[in-house]
Amino acid sequence: MIQASHPKSVDITAQQMIFKAELDKVETVWDRHAAMQPQCGFGETGLCCRVCWKGPCRIDPLGNGPKVGICGATADVIVARNLLRSFCVGASAHTEHARHIAHTLYELSQNNAPAYSIKDEAKLIDVAKRLKISTEDKEILDIAKEVAEVSMADFGKHHGEFAWLNAVLNPLRKEKLASLGILPHNLDSVVVNGLSRTHVGSESDPMNLLLAAARLAAADVSVMAMGTELSDVLFGTPMPSLTTANLSVLKKDAVNIALHGHNPLLCEIVCDVAATMQEEAKKLGAKEGINIVGVCCTGNEMMMRHGVPLAANYLSQELTMITGAVEAMVVDTQCIMPAVVETASHYHTQVISTMDDNKIFGATHVSFHPESAVEGAKQIVRLALEAYKRRNPDKVDIPNHVQQAMGGFSYEAITAVLKKLDNENPIKPLIDQIAGGNIQGVVLFGGCSNTKVVHDFNYVTMSRELIKRNVLVLATGCAAGALAKSGMQTSQATLDYAGDGLKAVLAALGDAAGTAGPLPPVLNMGSCVDNTRAVRLANDIAMTLGVDLDMLPVCVSAPELMSEKAQIIGTWAAVIGLPVHIGVVPHVTGSSLVTKFLTQDMEEVLGGKFIVELDPIEAANKLYGEIQKRRQKLGI
Ligand code: CUV
């Protein structure tokens, strides 16, 4: 196994701030990880059941302890039930995200959300067509209303078409899922159904619980597509742009506002409002005005659409404040460590929560609503300006390793470049390069960062290893953040790391796109919600070839995942037919049935499966092997 250069992170700006945290005597996520060792073996294997208050029960996987819970639930049942529960939470998080966006689109169509507008009318019309809504002779706001209504109806639909499922699954995959009886009919009740099956004394057939998980995953991919596509309508479809990434993006002479979380509804407006308040910051002595930076998937959203610099992904969120230069950490929802409040207390940073159903204990709460978004954003920026007055210059130390990164590779951006090569059939040049072998295959990196893995290490190591072998890499979420911070989203990375075939393709695409050099070998597709951008591209390739996704030399890797959202994203990727690598041992090993289903049997029924491999080089080898198997099946 190859070793990382640092025990905690390979992001050099993070390394510096981990060191400063020690000097400042501020605890970080790595300290808490160390204090937690050894972690509970029952939890790690999925064998702890807390479903009812007769428990907790735990199964002894090795010794002579109990083999069933007090109710008689076996290891297989407990593990499958725990897994399904986690997936329900992950799907719920995506559902609430998409619901929020759809609802705002609706309010906008009713003139109730004055801060928002339709930023991409062409996308709205494209979405409407894919949802089978006629657009002829209709006003744009009427189309928006119908799109929002059809979307919102998907949440609770009990009969009729599941519109977003139809928009994201190709017909062959839909048929396959229908034949297995796992085609979901809506979003909300699939989650409720999943949860109800895990109640004490309910389902005790582990296989049927796993099928419920697969059905839930198919619903999840649909709701994620809704979230992304409606965000594009409201905020614009991303197009390539250059920006910078890592902690060096913070500025000594600016009021720094870090926007963290997931929901673009908030960050878009804060960006707009901050732009109008630059002078106020300068009056306070901040020569460079207000500097907005992103953290986690909010960061990805802003980087994709506006080229806003990305400061950190999940594990380095606390480190933004260790610089001593963050005035406000503004959060919405998901992946916000409760610890940010404690970190902030060592500096002058104001942590501001914004969602009434996502309050952060110890933070200042500014209730953010679409109807009054501008006022809310102004209040937030004012709190940051106030905090600037309290900044202690002696505590400020900002790393200075500015790293360029190119983001903005939406489905539309990629197809626009391909259209320059073949206007009639843009997907053909891509297929030709795959068939000819200049592109051996595609790996989509997604998922989080996790203290069980050296921060960003697996992403950097695996992507370099794959690119060298002419595999095109796509990235979302904290994977995209890691690969931005490490310089893998630059033309230089193509020159430095890509194999000859891939290098030639990226050079031709760079020419077509009009970029200064070749396109980067890692195309940043956005936040973790945006994974369906890649599905759309894969479906285009598959449909052109007349095959399903289980035939394509396309894999997914989440080598540092942790969240329940990432768990279900990995699962839907396998359910739609793709091999999915994970670099962290999932909490299922207490059940041989569940483990075998996820890593083997699933492939026979669905074409996709999980590959668990902790060594990044070995993982890259295995994914390359999967790509080669699939190339052979296709006869290329
Ligand atoms: Ni939604 S889910 S840690 S921020 S990717 Fe990052 Fe991405 Fe995982 Fe969270």
Side-chain angles (χ1 to χ4, degrees), residues 9 11 14 29 33 86-87 89-98 100-101 220-221 223-225 227-228 231 245 258-267 293-304 310-320 329-340 355 358 360 407 444-453 455-456 458-459 474-486 522 524-534 556-573 580-584 586:
S9 176
D11 170 346
V29 69
H33 174 86
S86 287
F87 289 177
V89 178
S92 301
H94 289 141
T95 298
E96 288 300 275
H97 179 134
H100 224 110
I101 309 268
D220 189 61
V221 68
V223 78
M224 284 177 65
T228 293
S231 294
L259 298 180
H260 177 12
H262 279 81
N263 199 327
L265 288 170
L266 165 77
C267 62
V293 302
V295 176
C296 279
C297 280
T298 287
N300 290 322
E301 298 275 356
M302 295 191 298
M303 181 180 180
M304 287 289 282
L310 179 84
N313 53 357
Y314 179 74
L315 274 194
S316 46
Q317 59 182 272
E318 297 161 292
L319 303 180
T320 57
M329 163 79 88
V330 185
V331 305
D332 49 60
T333 177
Q334 299 162 19
C335 305
I336 299 138
M337 292 186 198
V340 292
M355 288 178 65
N358 274 281
I360 306 288
L444 166 65
F445 280 93
C448 325
S449 37
N450 184 330
T451 41
K452 288 183 176 170
V453 178
H455 177 221
D456 295 349
N458 284 356
Y459 292 119
L474 309 175
T476 59
C478 288
L483 293 168
K485 292 185 293 156
S486 56
V522 175
N524 185 337
M525 298 193 97
S527 71
C528 50
V529 157
D530 295 339
N531 278 299
T532 56
R533 298 190 195 279
V556 171
S557 175
E560 304 184 21
L561 89 167
M562 56 101 205
S563 76
E564 288 160 315
K565 288 181 296 162
Q567 295 166 28
I568 192 159
I569 292 172
T571 306
W572 65 243
V580 179
H581 160 252
I582 53 177
V584 173

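Counting starts at 1 for both ligands and their atoms, in listed order.
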Quiz item: Do Pro264 and Ile101 come within less than 4.5 Å of each other through their side chains, counting heavy atoms only?
Solution: yes

Practice problem: Just jot down the salt bridge (Lys or Arg N to Asp or Glu O under 4.0 Å) partners of Glu560, sequence neighbours excluded, or say none. | Solution: none

Quiz prompt | Results of side-chain contact (heavy atoms from CB on, under 4.5 Å) for Glu318 - residues two or more places apart only | solution = Thr28, Val29, Arg32, Met337, Ala339, Thr343

Exercise. Please name the pair of heavy atoms, one in His455 and one in Ser316, separated by the smallest distance, quoted to 0.1 Å.
Key: CE1-OG, 3.5 Å

Quiz item: Measuring from each atom of ligand 1, which residues have a heavy atom under 4.0 Å away?
Solution: His262, Cys296, Cys297, Tyr314, Cys335, Gly447, Cys448, Cys478, Cys528, Met562, Ser563, Lys565

Exercise. May I ask you to check whether Lys565 and His262 show a side-chain donor-acceptor distance below 3.5 Å?
Key: yes

Quiz item: Who passes side chain to side chain donor-acceptor pair (under 3.5 Å) against Ser563, sequence neighbours left out?
Solution: none

